[in-house]
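Step one of this worksheet: look at the structure below.
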Amino acid sequence: MMLSQVFISAFLLLLPAASGSFPEVYGMGGDPVTLPCSYPESRVLSFVCWGRGECTADKCGQTVVWTDGKRINYRTSSRYQISTQVLHGNASLTIEDAYESDSGLYCCRVEMKGWDGVQTLTTSLQVQPGSHSARTKGLAIGISIFLLLLVLVSTLVITNYILKKKRPESPSLVALCVSKVRTLLNKEVA
Ligand SMILES: *[C@@H]1O[C@H](CO)[C@@H](O)[C@H](O)[C@H]1NC(C)=O
């Protein structure tokens with residue numbers, strides 16, 4: 001076999017493995033979701049940072065939270081919460097009220113005191129549509145029904161107006177509708 005063929009086969013074999021190699025976490029829109037990340041409890045923490053995107057050699061992607069364990073030094077949204085046990089080996093990130101748009105890769109970077117003090121973990125988050133989209137859908141249906149009623153009522157009023165203008169002596173359309181409904185109801189009762 002040619003050397004290039006060997007390389008191509010190896011590449012094709014490694015491709016799916018590389019794209020699916022991160023631990024996955026699933027969440028529901030509107031619910032909190034926790035991305036686990038831990039370090040040995042015996043180690044002394046320097047800082048933890050969480051970022052969007054894959055961990056790189058010296059960064060935690062696009063930083064969303066940064067903490068020295070004593071306080072939150074930086075965060076882009078109050079939805080990001082770091083575990084209360086962050087000084088004791090648990091550096092998990094909780095996203096309160098997750099959105100579908102929170103889906104993607106997250107990097108947890110823990111720096112500890114000592115020469116071998118860097119640890120990184122990339123996790124893949126998938127947030128399913130949840131209560132947010134249900135709420136949006138409900139609102140859309142509500143607005144559609146309202147608009148439909150508005151169109152119906154205005155058509156009725158305008159038609160009524162035009163009819164009245166043409167033949168002032170004829171009964172109004174509204175009165176006609178009411179009497180029609182009344183006769184129908186009477187039939188039902190009888
Ligand atoms: C780490 O903290 C998170 C958030 O507080 C919690 O859900 C999780 O159970 C903790 N993990 C461990 C191993 O204690």
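Numbers for residues simply follow the sequence, beginning at 1. Only this structure's heavy atoms are used, side chains among them; waters, hydrogens and symmetry mates stay out. Order of listing sets the numbers, starting from 1, for every ligand and every atom in it.
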Would you say atom 2 (O) of ligand 1 has a protein heavy atom nearer than 4.0 Å?
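Neighbour list for atom 2 (O) of ligand 1 includes protein heavy atoms (cut-off 4.0 Å).
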
Tell me, with the steps shown, if D116 and R43 meet salt bridge (Lys or Arg N to Asp or Glu O under 4.0 Å).
CA-CA 11 Å; D116 61 341; R43 301 293 301 259; 3.1 Å; yes

Taking R79 for its side chain and P32 for its backbone only, find out whether a donor-acceptor pair lies under 3.5 Å.
no

Has the side chain of N90 got a donor or acceptor atom that lies under 3.5 Å from a matching backbone atom of T84?
no

Determine if the SG-SG distance between C108 and C37 falls under 2.5 Å.
yes

Are a donor atom and an acceptor atom from the side chains of T94 and T34 found within less than 3.5 Å of each other?
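Per modelled atom types, T94 and T34 side chains form a pair under 3.5 Å.
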
Identify the closest protein heavy atom to atom 5 (O) of ligand 1: which residue and atom is it, and at what distance?
S83 OG, 3.7 Å

Nearest to atom 13 (C) of ligand 1 by heavy atom, T34, T94, N90: which?
N90

Ligand-residue contact atoms, ligand 1 with S92, heavy atoms, under 4.0 Å
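So the answer, numbered in order with elements, is 1 (C).
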
Contacting atoms of ligand 1, where contact means under 4.0 angstrom from a heavy atom of Q85
1 (C), 2 (O), 10 (C), 14 (O)

